[in-house]
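Nothing here was measured: the structure is a model prediction, and the numbers come from that model. Along the sequence shown, the residues carry numbers beginning at 1.
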Amino acid sequence: MVNRIIVALDLPSAESAVDMAEEVADHVAGFKVGLGLLHGPGPLLISALVALDKPVFADAKLNDIPSQVEAAARRLGEHGARWVTAHVNGGQAMLESAVSGLRAGAGAAPAGILGVTVLTSHDSASLARVGIDRSPGKLVARMAKVAAAAGCEGVVSSPQELMVVSDVAPGLLKVTPGIRPVDRDDDQARTMTPAEAVRRGADFLVVGRPITSAPDPKGAAAAIAAEIKEAAASD
């Protein structure tokens, strides 16, 4: 795989997102549109990014009754989303509806659902506070099995659980956020460097602020791409 970076375009406006995508396009594999922009400019931004000829990841984090999730996934597929996220905790039936809806919307174009396992902002203590007495690793293992059974193309998990996913559901694509080239103090609890994530088996790395908040986003993306290439070559 030549490039594994999906840049998270968590920016204030559609215009700034497209500008950033154009600036870093030569050094990334695709683009992620998160909830902030999906609930602002909306799915039309996906269509604008698709025009740059790279896959677009709609991080919609769908979680509702199956019929509503199916309808939402279909709409995102119609706008050209290559991947759409849905929370695994919504259950297998909901995930199956998401898979069906996205395929219907995408038509002949490749498209797949990524099951969101445990958010990278969680750790064991925060899970316990909401009544989940299970470690992130054990919870991800169970969720990965559900995602595979539902026909998801892959899962989204922290880099710390990549090997768990490979063990229990080796056929799933592994997409990991929480990528930090250096230690940073932000809202991510379970993070890892790009090289470490690649060595643990990540297929795609979602990288946001280390690129988009850098003084030179293009240079930052190029540096991370080089780190990933070196790590992949050393495996």
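- V56 has its side chain within reach of V33: a pair of non-hydrogen atoms, C-beta onward, lies under 4.5 Å apart.
- Of the possible polar contacts, one joining the T117 side chain to the V156 backbone as a donor-acceptor pair under 3.5 Å is found.
- Counting heavy atoms from C-beta on, the side chains of T176 and V206 never come closer than 4.5 Å.
- Under a 3.5 Å cut-off, the side chain of S126 and the backbone N or O of D123 do form a donor-acceptor pair.
- Looking only at side-chain heavy atoms (C-beta outward), F204 and L173 come within less than 4.5 Å of each other.
- Using a 4.5 Å heavy-atom threshold, the side chains of R82 and F57 count as separate.
- Shown here for L172 and A144, the closest heavy-atom pair between the two residues is CD1-O, 3.5 Å.
- Put simply, the side chain of T85 gets close to the backbone of K61: a donor and an acceptor are under 3.5 Å apart.
- Linking ILVMFWY side-chain heavy atoms closer than 4.5 Å, directly or via other members, places V168 and V175 in two distinct hydrophobic clusters.
- What you find for L102 and A81 is that their closest heavy atoms are CD1-O, 4.3 Å.
- Distance check: D133 CG to L139 CG gives 11.0 Å after rounding to the nearest 0.5 Å.
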Exercise. Could you walk me through whether V84 and L62 pass the side-chain contact (heavy atoms from CB on, under 4.5 Å) check?
Worked result: CA-CA 8 Å; V84 174; L62 301 175; 3.9 Å; yes
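- Once rounded to the nearest 0.5 Å, the distance linking CE of M20 with CG of L11 reads 5.5 Å.
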Exercise. So M143 and N89, side-chain contact (heavy atoms from CB on, under 4.5 Å) or not? Walk me through it.
Worked result: CA-CA 8 Å; M143 288 182 162; N89 63 18; 4.0 Å; yes
Problem set entry | side-chain contact (heavy atoms from CB on, under 4.5 Å) between V207 and I6, intermediate numbers included | CA-CA 6 Å; V207 185; I6 295 177; over 6 Å; no
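- Judged purely by atom type and a 3.5 angstrom limit, D203 uses its side chain to pair as donor or acceptor with the backbone of K174.
- Here D216 does not pair with K218 in a salt bridge; the nearest charged N to carboxylate O distance is not below 4.0 Å.
- Nearest heavy atom pair, residue L76 against residue A60, reads CD1-CB, 3.8 Å.
- A donor-acceptor pair is defined here as one N or O able to donate and one able to accept, closer than 3.5 Å; no such pair exists between the side chain of N3 and the backbone of A225.
- Without hydrogens or angle criteria, E230 side chain to E227 main chain gives no donor-acceptor distance under 3.5 Å.
- Contact check on K32 versus D10 returns a salt bridge, with a Lys/Arg side-chain nitrogen under 4.0 Å from an Asp/Glu carboxylate oxygen.
- No side-chain heavy atom of V118 sits less than 4.5 Å from a side-chain heavy atom of S157.
- K145 places no side-chain N or O within 3.5 Å of a backbone atom of A169 that could act as its donor or acceptor partner.
- The pair E78-R74 fails the salt-bridge criterion, with no side-chain N (NZ, NE, NH1 or NH2) lying under 4.0 Å from an Asp/Glu carboxylate O.
- When every heavy atom of E96 is checked against every heavy atom of A149, the shortest pair comes out as OE2-O, 4.2 Å.
- Residues M94 and I65 fail the side-chain proximity criterion, which asks for heavy atoms closer than 4.5 Å.
- The two residues A197 and L205 have their closest heavy-atom pair at CB-CD2, 4.1 Å.
- In this structure, L95 CG and I113 CD1 are separated by 8.0 Å, a value rounded to the nearest 0.5 Å.
- Summarising the geometry, atom CE belonging to M192 is positioned 6.5 Å from atom OG belonging to S158; distances are rounded to the nearest 0.5 Å.
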Exercise. Between R103 and E70, does a salt bridge (charged side-chain N to carboxylate O under 4.0 Å, His left out) hold up when you go through it step by step?
Worked result: CA-CA 10 Å; R103 287 176 179 166; E70 181 175 7; over 6 Å; no
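- The structure places CG of L9 at 6.0 Å from CG of L49, a figure rounded to the nearest 0.5 Å.
- Looking at H122 and L119, their side chains come closer than 4.5 Å, going by heavy atoms from C-beta outward.
- In summary, the side chains of S16 and S13 do present a donor paired with an acceptor at a separation below 3.5 Å, with no hydrogens or angles considered.
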Problem set entry | Full working for side-chain contact (heavy atoms from CB on, under 4.5 Å) between I46 and L38 | CA-CA 9 Å; I46 296 172; L38 285 175; 4.0 Å; yes
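- The distance from the CG atom of L162 to the CG atom of D167 is 11.0 Å, given to the nearest 0.5 Å.
- Of the possible donor and acceptor atoms, one in the side chain of R4 sits under 3.5 Å from a partner among the backbone N and O of A202.
- In this structure, D53 places its CG atom where only 12 or fewer heavy-atom neighbours from other residues, nucleotides or ligands lie under 6.0 Å away.
- With contacts defined as side-chain heavy-atom distances shorter than 4.5 Å, the pair D59/L35 does not qualify.
- With hydrogens and angles ignored, the 3.5 Å screen pairs a side-chain donor or acceptor of T212 with a backbone N or O of G208.
- In terms of hydrophobic clustering, with Ile, Leu, Val, Met, Phe, Trp and Tyr side chains grouped at heavy-atom distances under 4.5 Å, V164 and I132 are assigned to different clusters.
- The two atoms that bring L127 and S135 nearest to each other are CD1-C, 4.5 Å, heavy atoms only.
- Counting non-hydrogen atoms of neighbouring residues, nucleotides and ligands closer than 6.0 angstrom, the NZ atom of K138 reaches no more than 12 such neighbours.
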